[in-house]
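Quick note on labels: first sequence line is chain A, next is B, and so on, each numbered from 1.
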Amino acid sequence: MSKYKILIYGYGNPGRQDDGLGNVFVDLLEEWVNKEKLEGFEFDSNYQLNIEDAVAVEDKDLVIFADASTEDIEDFILTPVDASTKVAFTTHAASPGYIMGLSKKLYNKFPPTYLLHIKGYEWDFREGLSKQAKQNLEGSLKMIKEKLKNPSDLIDSFKEFDISIE
Amino acid sequence: MEQKITIEPVTRVEGHGKVTIHIDDEGNVSQSRLHIVEFRGFERFVQGRPYWEAPVLVQRLCGICPVSHHLAAAKALDVIVGAGTGDGLTPTGEKMRRLMHYGQIFQSHALHFFHLVSPDLLFGIDADPAIRNIIGVAKKHPDLAVQGVMMRKYGQEIIKATAGKKIHGTGAIPGGINKHLTQEEKDNFLNGPDPLNIDKMISWAQDAVNFLKGYHKENKEFVDGFAAFPSSHLSLVRKDGAMDLYHGVLRAVDTDGKKILHDVDYQDYTKYIQEGVKNWSYMKFPFLTEFGKKDGWYRVGPLARMNTCDFIPSPLAQKEFEEFKAYTNGKPNNMSMHMHWARLIEILHSAEMMKELLNDPDLMKGDLVTKGTKQSEGVGVIEAPRGTLFHHYAINENDQLTMANLIVSTTNNNEPMNMAVNLVAKQYMNGQKKITEGMMNAVEVAIRAYDLCLSCATHAMGQMPLEVVLVDGRNQIIDRIRR
């Protein structure tokens, strides 16, 4: 039995090419976790985060969200998530920070949480990732697998970040 | 010098909508428009694909209401595979789809009300956006926030059990459904530990209606007067006039309640409805052919459904419906903010319908699919959370899609949303020297009553942070607000 409860949550629309990076990341990581017979993991995947996800995160020791990114990054980055009250215009999607902020307010729980940003390039009405996105996915998987061999490092290092969880 | 204010949501990818408000030299609003400035030709994209892929392909349109597109496409394909026009499915096929649909309505309405609307009501439309959100609600009214979260979760679990999975669900197939409900699933939904059971959901739905009625009592002027304007209303109704969110005939009433579209078969919708275009928006403007572009536009969605149906076929929602109708003496209700009251009555109705269906043995046994003689064309219409949704497909002899036409709820509400934006902009901004956050939010509140979802209206996707740009008559940006 694992010491930690870990949630890996990818979101995006796999019908829109690289927007599905987070979803594919979760599928591949789950395969690896099963193969390695690691315990304590939960995996989830959806089109976007939403308010009910506050229920899924509140009892975890570590949460990693994975999402496609259009940010100005080279390939992928892992960043700590802080509480956010930012809400989009009228769309229904919520950010990881929004979910964690809601969990904090509803359940007084804010486990160490990270967002894996994987750079994407193409967003058309097709399934399948672009070549560059696949490379970024592979790199990000390698990095996360290494970190998950010892999750306590990710859990402990979260406390060192100067971020707001209120 | 005339000024132009632009409210421009920017999406992660390219599609977006914006609101422009033109201010004249006297500081009065001269014109406001909701623009949809991007279009991705989904209808063209599906051409050439095998028809049976459509119920899954259309979910690529939108991650927000994929179930509605999934079911509307499946209904159109029922016609193509010869399974009739809505009443030819097996009892199991139809009831499983209905359960999926009521789960979708339930979770979508819960999200809309608790996440998007309740912060405006609880804190005021001019409150600081930092607290005017569900985290603010969670802090000040934790019980209400928990209800919203758990109602969403319950509806999502219903969808997962009926559609098979959260992403690209495959439950509805041409001619029926591909699975039964298991005994374990049924027991969990009916009698699961609190709060995730159907009786708690019904009870919370009643609480939500009562909350809104209490708010209305205290804020009549705002709720009744905000963005109120006369219009026609259109929706599906059951053949006997009952509210039916899954299937029925098309009915429209005018602002006085007179029927102007007489319970017609939606397979013939092109005889009755046309889509107009305007050079400043890619989103089309549907109208009833008989009345022309100028007078033929209509509203769809929860308010329209209350105005078109004769009764609601579930007891608790019917009681609320009677109170709702009594408020306008049985006449159509044209108050935009009453859309929320109507939405909450529909949440209650959906919960009652889910309970009825979950107790129906047909969900757990019986044939799943109906087969018949193939047709070359089919139309599927469903009442999606935001309103009437049309899917229309044609195929060739190789079973490839040759034509697709989608009229989504937001498109049906295009003219009314423009009307609402214009009214509110004038009401809140006329003669004002400075445009405040509260004034901008008032415009958003008007749009949110209809629950604008640009994702499928523009056939794009992404997040929509808000950008407000103030531009003078020479197109010089003089102010910009972004959040």
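If you measure heavy-atom distances from B:Met151 to chain A, you find no contacts under 4.5 Å at all.
The main-chain N or O of B:Pro66 is never found under 3.5 Å from a side-chain atom of A:Tyr47 such that the two would form a donor-acceptor pair.
Annotation: ring-ring contact (aromatic ring centres under 6.0 Å, His included) contacts of A:Phe65 (sequence neighbours excluded): A:Tyr9. Residues forming a ring-ring contact (aromatic ring centres under 6.0 Å, His included) with B:Tyr154 (at least two apart in sequence, or on another chain): B:Phe189. Taking the ring-ring contact (aromatic ring centres under 6.0 Å, His included) definition, one finds that A:His117 meets it with nothing, sequence neighbours left out.
Of residues 142-153 of chain A, no residue lies under 4.5 Å from chain B by any heavy-atom pair.
Separation of atoms CG (B:Leu111) and CG (A:Asn50) is listed at 4.5 Å; rounding is to 0.5 Å.
The shortest distance between side-chain heavy atoms of B:Gln156 and A:Glu52 falls below 4.5 Å.
The heavy-atom pair separating A:Leu102 from B:Ala138 by the smallest distance is CD1-CB, 3.9 Å. Nearest heavy atoms, B:Ile135 versus A:Tyr98: CD1-O, 3.5 Å. For the residue pair B:Ala145 and A:Leu106, the shortest heavy atom distance occurs at CB-CD2, 3.7 Å.
Other residues, nucleotides and ligands contribute more than 12 heavy atoms inside 6.0 Å of the CD atom of A:Glu71.
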